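Worksheet: one structure, shown below.
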Amino acid sequence: MEQNPQSPSDTASKSGLRRVAIDPVSRVEGHGKITLMLDAENHIHEARFHIVEFRGFEKFIQGRPYWEVPFFVQRLCGICPVSHQLAAAKAVDQLVGVENLTPTATKLRRMLHFGQVLQSHALHFFHLSSPDLLFGFGSDPKLRNIVGMLEKYPDLALKGVKLRKYGQQIIAAIAGKRIHGTATVPGGVNKALSLAEREILLADIDDILMWSQDAVMLNEQIHTAHAEHRGFAAINSNFLSMIGRGGELELYHGGLRARRSDGSRLFDQFDYRGYQQIIREEVRPWSYMKFPYLIELGRQQGWYRVGPLARVNNCDFISTPLAEAARKRFREFGNGDSVQDTLAYHWARMIEALHCAESIQDLLHDPDIAGTDLVADLGDKRREGIGVIEAPRGTLFHHYQIDEQGLIEKANLIVSTTSNNQAMNESVRSVANEYLDGNEISEGLLNHLEVAVRAYDPCLSCATHALGKMPLQVELLDANGTLLDRLSKGGNGRIERAA
Amino acid sequence: MSPAIRTASSEQLSAFIANTCSKSSHLLHVLHELQHRFLHISPEAVIEVASFLDLPPSQVESAVEFYSFFSTVPHGRFDILLSNCTSCGYTANGQDLLQLLCDRLHVLTGKTRDDGLVSVDETSCIGMCDHGASLLVNGRPVTGLDAVKIMRIAELIETGTPFENWPAEWFDISDSIRKIGLLLSEDITAGNGLRESLMRGIDGTLEEITQSGLRGRGGAGFSTGMKWKFCAEAEGSAHYVICNADEGEPGTFKDRILLQSHADAIFEGMTTCAYAIGAELGFLYLRGEYRYLSPHLEAVLARRRVQGLLGSSILGRSGFNFDIEIVVGAGAYICGEESALIESLEGKRGVPRNRPPFPVTHGYLGQPTVLNNVETFVAAAHIAQNGSAWFRTTGTMKSPGSKLLSVSGDCAYPGIYEYPFGVSIKQVLDDCGAEDVQAVQIGGPAGTLIGRSGYKRIIGFEDLSTGGSFMVFGRKRDLLDIIVNFSRFFAHESCGFCTPCRVGTTLLKNAMNKIAKGQGTQYDLDEMERIGTLIKRRSHCGLGQTAANPILNGLQRFPQIFRQRLARGDFEPSFDLDAALEEARQITHRDDAAAHLE
Amino acid sequence: MEAKAETAANTINIDGQEIPFEHGQTIMDAAFAAGVYIPHLCHRPGLTPHGSCKLCTVDIRNRISASSTSDRRRQTKFTVDADSRSVSACTTPAAAGQQISSNTPALNEVRKTITQMLFIEGNHLCPSCEKSGDCTLQAVAYHLGMLDGHFPQFFPRREVDASHPTVMLDRDRCILCELCVRASREVDGKNVFAIAGRGTAAHLIVNSPSGKLADSDLETGDMAVHICPVGAILIKEQGYEVPIGRRTFDLHHLGEAGLEKVVLAKTVYRDE
Amino acid sequence: MNKIRIATTSLAGCFGCHMSFLDMDERLVELLEHVEFDRSPLTDIKHCGPCDIGLIEGGLCNADNLHVLREFRANCRILIAVGACAINGGVPAMRNHFDLRSCLEESFLNGIGVENPQIPDDVELPLLLDKVRPIHEAVRIDYYLPGCPPSADEFLSVLGDLLAGRIPALPKKLIHYD
């Protein structure tokens with residue numbers, strides 16, 4: 001299969017092109033917007049998914065002490081704060097010369113992360129995406145939200161709420177609170193799990209497992225039953241993810257594996273501390289979010305996808321039985337090849353959620369989890385630390401250099417959504433090509449563009465700090481900027497065409 | 001004028017500091033010399049001075065950073081400070097002379113020109129209010145500024161013309177005494193008051209001063225006799241007399257005249273006090289803006305030493321030993337507060353102390369200290385010479401004697417007016433040729449703003465007590481601008497010790513700026529009143545306790561000047577929205593409609 | 001001056017409660033001994049009272065005319081309400097018969113406003129600060145029910161000094177209480193800290209040739225290192241070690257008896 | 001009974017406050033009997049219509065933030081600043097220690113692994129404010145809900161008061177800034 005070609009031009013609008021602006025993209029809450037450039041035949045010339053938010057993190061972290069970093073950076077994202085905290089903590093461990101944590105600390109951090117991924121995946125599917133999938137892309141937007149879900153499918157929606165709750169409870173037990181807690185210290189963790197806390201968590205784990213399985217089944221059914229889901233926003237991409245030592249799905253620690261779009265391996269078990277050798281980030285003038293690519297494949301062809309779809313495609317197996325069985329069915333669906341369907345993200349996501357639930361169960365029964373040996377002996381200081389983790393939405397890189405006083409000199413973050421940047425642009429283009437019909441912006445275009453971006457990451461929070469359904473306004477302008485057509489959603493949620 | 005060497009080797013620096021310290025070990029003096037010689041005080045100099053004076057480096061550094069007249073970055077060889085007072089300031093005649101000078105010299109306010117020739121900045125009132133717009137060039141006042149003179153000054157600077165070749169008359173500061181009374185009508189004969197006091201004896205002298213009803217002329221009005229008595233009774237290893245010549249209240253300049261033309265009376269009063277309380281050392285703390293008067297004052301002191309009026313066995317009285325040192329401040333209004341002045345005298349930041357204990361028991365170096373205003377010592381000297389009954393022939397029951405008023409602003413005859421206490425505002429206005437008056441500011445920014453209905457009020461401790469500042473604002477003045485000016489003054493001069501004043505004065509300044517720009521609403525007025533009331537009541541010292549007066553008085557007595565500037569609506573942002581995008585516009589070279597905010 | 005008071009019962013009255021005092025005690029001392037909490041930030045028993053934060057501001061009504069020292073008039077001159085005057089409890093000597101208001105809605109509102117001023121003049125970003133949960137400024141704000149900084153933020157740019165091997169100075173959080181200044185001078189017998197500049201430019205400086213902590217004689221065990229009520233002076237390379245839920249003010253409220261000591265002893269030493 | 005209409009949004013925030021809102025878990029169902037959502041991350045509504053309550057997370061960091069904030073102020077009877085960023089700028093306000101230009105240059109010119117260095121300047125991008133600011137500096141705010149994020153209990157407490165027609169009063173034990 002061919003990699004989709006790079007958008008031909010990053011320059012501003014060219015003569016003879018028409019501009020279609022979707023501003024703001026919703027569920028990205030005003031932080032993202034889409035513009036399409038059309039040629040005379042109404043073919044998509046360019047599709048741009050702009051990230052309009054900028055924080056300046058790499059600068060303003062300079063001069064801060066390294067031990068503060070994990071708690072500082074988790075404020076980048078309130079949806080996956082734990083992933084940021086842990087990625088930074090892994091970098092900090094290197095700064096203080098710790099290679100191996102104590103068994104208890106390792107397992108508490110892992111369980112913390114499983115809680116994070118579980119709650120985030122539950123949120124992503126049940127709260128934000130399931131309304132599209134269950135009510136249909138073109139359904140009444142008034143109904144198409146979690147409130148509608150709670151009315152129409154109360155049992156299912158409530159299960160989603162409780163799955164998320166359980167993940168949050170895991171986090172609270174280890175990090176002191178659900179959002180933006182503190183768990184890590186250099187070389188370990190700050191709190192042991194009490195037996196009482198373990199008992200409380202054990203009480204619900206069976207239900208959690210059951211509901212997670214249900215969620216996998218539901219997604220499997222939806223995806224396999226709807227032919228139109230398969231080719232939706234279809235692109236062929238490379239995949240990047242972390243991988244366990246044995247090739248298993250790994251969310252916390254391992255080497256990097258990349259597959260080309262044809263399924264062949266580009267590299268495997270790559271030590272992530274050398275990430276600069278494999279990834280560069282391109283700046284384009286129309287987005288505050290950079291465009292990473294794999295150096296070996298070059299700027300044009302090197303873009304890739306990360307996240308659940310990449311991980312489940314990339315791994316050889318999953319270490320927990322129920323999730324492994326689900327993975328096999330997923331694999332069968334792809335006839336043994338990587339599944340490139342963009343909407344299969346949701347299916348892969350729920351397989352991972354199941355894996356998290358199983359892993360949490362295992363860890364809760366592990367005697368080490370209630371241990372009290374929390375901090376490893378610190379070794380020699382180092383000036384550079386690189387922590388990588390599989391955040392819910394994909395591979396997350398944290399890179400810090402410190403001065404001799406312990407203050408940050410240089411920082412670099414490649415957050416999950418950034419890695420998907422080009423892929424989202426490509427999917428947007430694919431959808432636009434398919435659903436744009438002449439001079440008129442159809443309601444279908446609006447909805448489908450939303451659904452495409454949402455598959456990757458309705459939460460652009462890590463990169464843009466945003467979440468939410470897309471309140472859309474699409475404008476069709478000619479090359480002179482004259483408005484040809486406009487569709488918008490009003491305060492009542494209804495889509496209206498401008499006069 | 002300006003010395004050529006601006007950078008010094010460490011040997012040069014060291015030698016200079018050693019030499020300076022040997023002449024006067026007072027920290028402020030050493031810092032003045034360094035600033036003058038090297039145009040700034042470098043970190044190396046701080047360490048060196050600390051080592052010579054055996055002080056912690058932090059104490060030297062904190063002093064350098066506290067006083068306006070010291071700087072850590074080099075100033076120009078011509079270092080110009082324009083007063084921003086409403087009477088002697090650079091906009092006093094309706095034209096922005098600061099901007100004119102900066103434009104002419106191609107220099108930014110507060111910055112030193114790249115070639116190091118000149119730096120221009122503004123400073124709080126320099127006490128030249130009877131002479132119109134004024135500036136300090138390397139510490140020396142030039143008055144009566146107008147556009148023509150500014151142009152001429154710029155020319156002299158550009159050509160590097162030394163001071164000696166500047167028009168000599170520019171540096172003449174005449175006394176402009178408009179009305180003489182009890183004190184100014186006769187000069188004291190050096191030593192006469194002292195001789196009388198020696199005859200009265202210590203108790204007799206204390207009694208005479210107490211009987212006179214003399215009250216402190218700084219505005220607080222405590223009985224001078226009682227203060228001296230408490231100090232005399234207080235136990236300590238030494239007693240001290242301090243003359244507060246740090247008249248920093250904008251609009252006041254009467255001490256300048258006394259220092260220039262009645263120094264004998266001041267020193268006579270101080271020496272009388274020394275006799276009464278048993279002090280052997282006294283200080284005259286001269287504000288940095290009056291540093292140019294220092295040679296004259298030193299000369300008077302030298303003469304008095306020769307005359308046997310200072311030194312050992314004064315007037316032959318064995319055991320009566322007393323001398324006076326002059327210490328020059330460095331641009332800090334707060335040092336007019338007595339305990340802050342004492343801190344400054346001790347070589348520290350001028351931060352007011354906690355009271356009690358009061359200076360009469362724990363003053364300079366923790367010892368009993370009398371600290372009085374210049375005018376108080378002058379009055380004391382006259383009382384010593386002429387007796388308390390003479391003094392009580394004028395003034396009111398509660399406020400015996402006379403008061404020197406520094407009249408400035410929109411009047412035909414600005415200058416010094418000495419009145420018996422009890423004089424009405426109206427009388428003063430009539431005498432100084434003020435017509436079409438909008439308001440009068442009594443006691444400077446820290447005092448009170450009075451409109452027409454208050455003109456029958458009188459000067460005196462029973463009604464309007466004042467240090468002497470009397471500023472007249474005519475109809476054409478924008479009163480709101482005056483209040484903006486005053487609020488900036490307090491934010492600039494707050495010492496930063498206590499929270500309400502440190503933060504509150506800046507909040508008030510910002511709120512006033514917002515109102516003046518037409519971006520304020522009733523919300524901001526309510527806020528100012530609330531903050532103002534709080535800092536007035538909860539601040540540590542007199543500065544904070546009076547800093548909100550201009551705004552509170554204004555809101556109460558001239559509400560219309562605020563209201564007419566208010567924006568519509570009930571709320572306006574605290575910052576300028578469009579200006580907040582300017583940096584981004586420059587970086588992206590954008591100027592499209594979306595690149596602006598209203 | 002206090003001699004007359006000796007004859008009367010040596011009590012002061014705070015919010016209706018009679019509280020005994022000993023000669024030489026301040027209002028704060030007497031209140032503290034009686035277990036009456038008056039909010040404060042710049043005060044710590046054992047150090048010279050400072051009176052700068054003004055959190056302990058109280059009103060005294062109908063003061064017995066005992067004092068006759070020089071500047072009483074100056075004090076009262078600016079007082080709005082002639083029947084009462086505002087003083088700092090930490091610096092004002094207790095005097096028999098003082099009728100004191102402290103824990104009143106009006107005074108607590110004043111204190112809240114002052115606390116808001118402290119928050120907005122610095123960069124107090126509690127979320128990522130390692131002192132969160134152990135910070136007295138934060139706890140005072142909780143105590144006073146402060147929900148926001150109210151005023152426009154100053155957002156000053158201030159320097160971090162991490163030159164010292166074990167101690168760090170983050171001036172963003174400094175509230176100029178000078179507890180470290182006094183602790184260093186009066187307890188540690190050193191003179192490591194001072195305040196320089198004036199007004200809102202006032203800032204903490206270090207007494208060393210370079211102005212850096214590394215060149216001072218500060219040591220980890222100094223009281224000056226541990227007395228900071230906010231996160232301005234920190235032990236380096238530790239923090240966040242006490243889990244959320246077990247930090248000082250997760251477990252205690254300001255004003256509890258003995259809490260001051262808890263705060264002082266809080267710091268965790270890993271290498272001990 | 002008419003439901004209370006609520007709109008929510010995030011400006012320069014991390015969505016942690018929205019997540020914390022969802023942390024009321026099953027209690028959300030009960031709340032939904034009394035409230036309905038206008039513009040919010042939970043709905044597909046683009047522009048805020050007339051509402052009873054607006055909840056704003058995050059501070060102001062660019063021009064778009066201000067437009068959204070004004071829309072909320074214009075449409076919401078009660079506007080509540082939610083969380084540290086809305087209240088004092090929060091962690092994003094740490095960029096105020098630096099000039100905007102140096103922040104942009106670090107990310108897009110001098111960063112590790114940056115290709116094609118340039119500062120994004122497309123007209124599609126909203127311009128950044130020189131400083132990140134609390135929202136009360138731009139519009140009038142009615143109530144403040146501190147915390148990073150405020151707990152679900154805080155949301156319920158305040159909404160409970162408002163639903164009952166009381167002036168919201170946060171129990172002191174719920175006040176926290178971290």
Side-chain angles (χ1 to χ4, degrees), chain B residues 43 47 56-59 61-67 216 219-223 226-227 230-231 332 334 338 349-351 354-361 465 491-500 502-507 510 527 530-531 533-534 536-540 542 545-546 574-575, chain C residues 1 41-42 49-55 57 59 67-75 77-81 85-86 88 90-93 110 113-118 120-121 150-154 175-176 178 191-203 205-211:
Chain B
I47 302 299
S58 59
Q59 185 180 333
E61 184 184 345
S62 67
V64 170
E65 292 193 24
F66 186 84
Y67 297 96
F222 191 77
S223 159
M226 294 297 282
K227 185 185 272 190
F230 286 132
C231 186
I334 187 63
E338 60 175 11
R349 302 162 74 223
V351 171
N354 282 304
R355 298 174 304 175
F358 292 89
V360 283
T361 58
S465 108
H492 181 257
E493 298 295 346
S494 170
C495 79
F497 175 77
C498 74
T499 316
R502 180 179 69 241
V503 184
T505 51
T506 293
L507 290 172
N510 293 345
E527 279 289 287
R530 193 174 72 89
I531 303 164
T533 308
L534 186 145
K536 186 182 176 90
R537 188 157 163 77
R538 308 296 169 182
S539 289
H540 179 68
Q545 288 158 7
T546 57
S574 68
F575 61 103
Chain C
M1 282 174 250
L41 282 167
C42 72
H50 199 234
S52 66
C53 76
K54 299 296 169 200
L55 255 295
T57 190
D59 286 336
S67 168
S68 50
T69 41
S70 67
D71 280 39
R72 193 164 157 240
R73 264 168 211 286
R74 196 178 169 90
Q75 289 271 352
K77 180 182 154 198
F78 305 109
T79 303
V80 182
D81 175 3
R85 65 193 186 105
S86 171
S88 299
C90 70
T91 56
T92 304
V110 166
T113 304
I114 291 171
T115 307
Q116 287 169 325
M117 289 177 168
L118 287 170
I120 61 101
E121 73 160 335
H150 183 78
F151 302 109
Q153 289 271 347
F154 289 1
I175 55 169
L176 304 170
E178 297 192 43
N191 185 19
V192 174
F193 297 107
I195 303 292
R198 81 179 189 213
T200 49
H203 60 283
I205 61 168
V206 174
N207 185 31
S208 72
S210 63

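Every chain is numbered from 1, with letters handed out A, B, ... down the list of sequences. Not measured: the values here are computed from a predicted model.
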What residue, out of C:A194, C:P49, C:C42, C:G51, has the most heavy-atom pairs lying under 4.5 Å from chain B? C:G51
Please determine, among C:I195, C:L118, C:T200, the option with the most heavy-atom pairs under 4.5 Å with chain B. C:I195
Closest approach of C:G197 and B:F66, non-hydrogen atoms and distance? O-CD1, 3.6 Å
Per-residue contact mode, B:A63 against chain C (heavy atom under 4.5 angstrom): neither
Chain B shares the most heavy-atom pairs under 4.5 Å, among C:K54, C:H203, C:E178, with C:K54
Could you tell me whether a side-chain N or O of B:S223 sits under 3.5 Å from a main-chain N or O of B:M226, the two making a donor and an acceptor? yes
Has B:T361 got a side-chain atom pairing as donor or acceptor with B:F358's backbone, closer than 3.5 angstrom? yes
With chain C, which of B:S539, B:P56, B:P43 has the greatest number of heavy-atom pairs at distances under 4.5 Å? B:P56
Counting heavy-atom pairs under 4.5 Å with chain B, which one of C:P209, C:G211, C:S88 comes out on top? C:P209
May I ask you to name which of B:R538, B:E527, B:E65 has the most heavy-atom pairs under 4.5 Å with chain C? B:R538
Chain B interface, residue from C:L176, C:I175, C:N191 that has the most non-hydrogen pairs under 4.5 Å: C:L176
Do B:T499 side-chain atoms and C:C53 backbone N/O form a donor-acceptor pair below 3.5 Å? yes
Any idea which of B:T506, B:V503, B:T505, B:N510 has the most non-hydrogen atom pairs under 4.5 angstrom with chain C? B:V503
Where does B:I334 contact chain C at under 4.5 Å (heavy atoms): side chain, backbone, both or neither? neither
Working note: C:V110 + B:R537, criterion side chain to side chain contact (heavy atoms under 4.5 Å, CB included); need CA distance, chi angles, decisive distance, verdict. CA-CA 10 Å; C:V110 166; B:R537 188 157 163 77; over 6 Å; no
Is it the case that the side chain of C:T91 and the backbone of C:H50 share a donor-acceptor pair, with hydrogens and angles ignored and the cut-off at 3.5 Å? no
Donor-acceptor pair, C:R198 side chain versus B:E493 backbone, under 3.5 Å? no
